[in-house]
> 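Please read through the structure below; I'll follow up with questions.
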There are 2 protein chains.
Amino acid sequence: MIRVLLADDHLLIREALVLLLETEDGIEVVADVGRGDEAVDRALALKPDIAVLDIDMPGLDGLAAAERMARDLPGCRLVIVTAHGRPGNLRRAMAAGVRGFLGKDAPGARLAEVIRQVAGGARYIDPQLAADALAVEECPLTPRELDTLRAAADGAPVARIARSLGLSEGTVRNYLSAAVTKLGADNRHAAVRAARDLGWL
Amino acid sequence: MIRVLLADDHLLIREALVLLLETEDGIEVVADVGRGDEAVDRALALKPDIAVLDIDMPGLDGLAAAERMARDLPGCRLVIVTAHGRPGNLRRAMAAGVRGFLGKDAPGARLAEVIRQVAGGARYIDPQLAADALAVEECPLTPRELDTLRAAADGAPVARIARSLGLSEGTVRNYLSAAVTKLGADNRHAAVRAARDLGWL
DNA sequence: GGGCACCCATGACAAATGTCACCGGTACTC
DNA sequence: GAGTACCGGTGACATTTGTCATGGGTGCCC
């Protein structure tokens, strides 16, 4: 019997997924939680074979939870199920040691199949998402450029960005200008959108 | 037997929800689809008692689908299930004649309960979302201000906005300036975020 | 050591943006 | 008819921005 912990922030979805997994032979859902930090706590207590994590969650997102669990609970194998198949998410998940990654538009039977495969030691990456991730080149932005872009993401003026990063305004403008040029955007706000779409933010 | 049509763009979620509803007595899922336009087509063909619609969908979003179905299929009662309980969405749903509105963080049993209530002629609005919607004052922006704000949402420069709306650049700047002032934002990009958060965009 | 990438900064200039006053026109209400 | 709200526009101005050249500093690799 494969013991599964399921984490998704929407109760309705979580209950439905539990029901779906319970109809599968050999799979038992030992816990279901709605927060990333709670997922880590429960996993430490219950030591499930597999943790199935959504990315969008309060407290700690699914990827951060995966990173912690990979460190503190190496016996537990990780599967990410997400609505947002951004290349950056996939990359980050792979870096965290996640062994299964699939989108929410996969058929239900596939989730069970992936859980079995991963429990057996194999890996499974959604082919569509993998192709997208490989098609997108590496992020050309330097760490500092990413910082300034992130700080600009909510429409803050340069002065506030400079203060929040402890930089001079001129420096911030230089970084933003470089980011805008590299991304081929009209201005920094379009650059923020572009970077986010490519999963670089 | 209540005949239900279910629309959600994520196959995994949809299958799980079908399973959840099928465990309920007196409810039968007669069709499940992943696109808003498809939902309308299938509903016209099958004439279900209830249509359960997600908002985020390709083709036609759940609210637009609800508006069409309310017009073309008055016998079919509408329930919206969404992850994004923005006040604007709720308002638009009510205007379209939707009779049930609940978040995806509701418990599974509630969905079945709401379907039964709505099939019986009652209404059900998620109390939390209803409170949020009532707490937010009416949108103070004029239609034209909303247009320009929408056109500015992707970071387009004023010149492109003016062209796309057939206005002079000065006029566009005036509308944007008014919107920024009314929303108390630092600039139009922050204004876009603010308006979107309040469900006005 | 030289080359290179990155970090942080300054100064200067052009372009875009935000703000204001003010114009006329339409439509609706009191 | 007066008042009000919205639409569309112009012109002017200050501020914010994007861009460029240029500087010095660090750390890494060949």
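Per chain, numbering begins at 1; letters A, B, ... match sequence-line order.
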> Is a donor-acceptor pair below 3.5 Å formed from side chain B:Asp186 to base D:dT16, judging by atom type as modelled?
no
> Checking salt bridge (charged side-chain N to carboxylate O under 4.0 Å, His left out) for the pair B:Asp8/B:Lys104: CA distance, chi angles, key distance, verdict?
CA-CA 12 Å; B:Asp8 188 303; B:Lys104 279 189 175 169; 3.2 Å; yes
> I need the NZ-P distance between B:Lys182 and C:dG18, as an integer number of Å.
16 Å
> The test is side-chain contact (heavy atoms from CB on, under 4.5 Å); show your working for A:Val52 and A:Ile50 and say whether it passes.
CA-CA 6 Å; A:Val52 176; A:Ile50 302 272; 4.1 Å; yes
> Let's see if you can work this out: which of C:dG18, D:dG8, C:dA9 has an atom nearest to the side-chain heavy atoms of B:Thr171?
D:dG8
> With distance as the sole criterion, do the side chain of A:Asn174 and the base of C:dC8 form a donor-acceptor contact below 3.5 Å?
no
> Report, as yes or no, whether the 6.0 Å neighbourhood of atom CZ on A:Arg68 holds more than 12 heavy atoms from other residues, nucleotides or ligands.
no
> Expressed as a whole number of angstroms, how long is the span from A:Leu176:CG to D:dT16:P?
15 Å
> Rounded to the Å, how far apart are A:Arg188 CZ and C:dT17 P?
11 Å
> When you measure from the side chain of B:Arg144, which nucleotide among D:dG8, C:dC7, D:dC6 comes out closest?
D:dG8
> Which residue in the set A:Arg110, A:Gln117, A:Glu113 passes side-chain hydrogen bond (donor to acceptor under 3.5 Å, both in side chains) when paired with A:Tyr124?
A:Arg110
> Whole angstrom is fine here: how far is it from CG in B:Leu141 over to P in D:dC6?
10 Å
> For D:dT19 and A:Ser177 - does any side-chain N or O of the residue sit under 4.0 Å from the phosphate oxygens OP1/OP2?
yes
> Rounded to the nearest Å, what distance is computed from the CG atom of residue B:Leu167 to the P atom of nucleotide C:dT17?
15 Å
> Would you tell me if any nitrogen or oxygen in the side chain of A:Thr142 comes within less than 4.0 Å of OP1 or OP2 on C:dA5?
no
> Output the rounded distance in Å from CG (B:Asn187) to C1' (C:dT17).
9 Å
> Quickly work out the A:Arg173 CZ to D:dA21 P distance and round it to whole Å.
16 Å
> Could you state the atom-to-atom distance from OH of B:Tyr175 to C1' of C:dG18 in whole Å?
17 Å
> Tell me whether B:Arg42 at atom CZ has more than 12 heavy atoms from other residues, nucleotides or ligands lying less than 6.0 Å away.
no
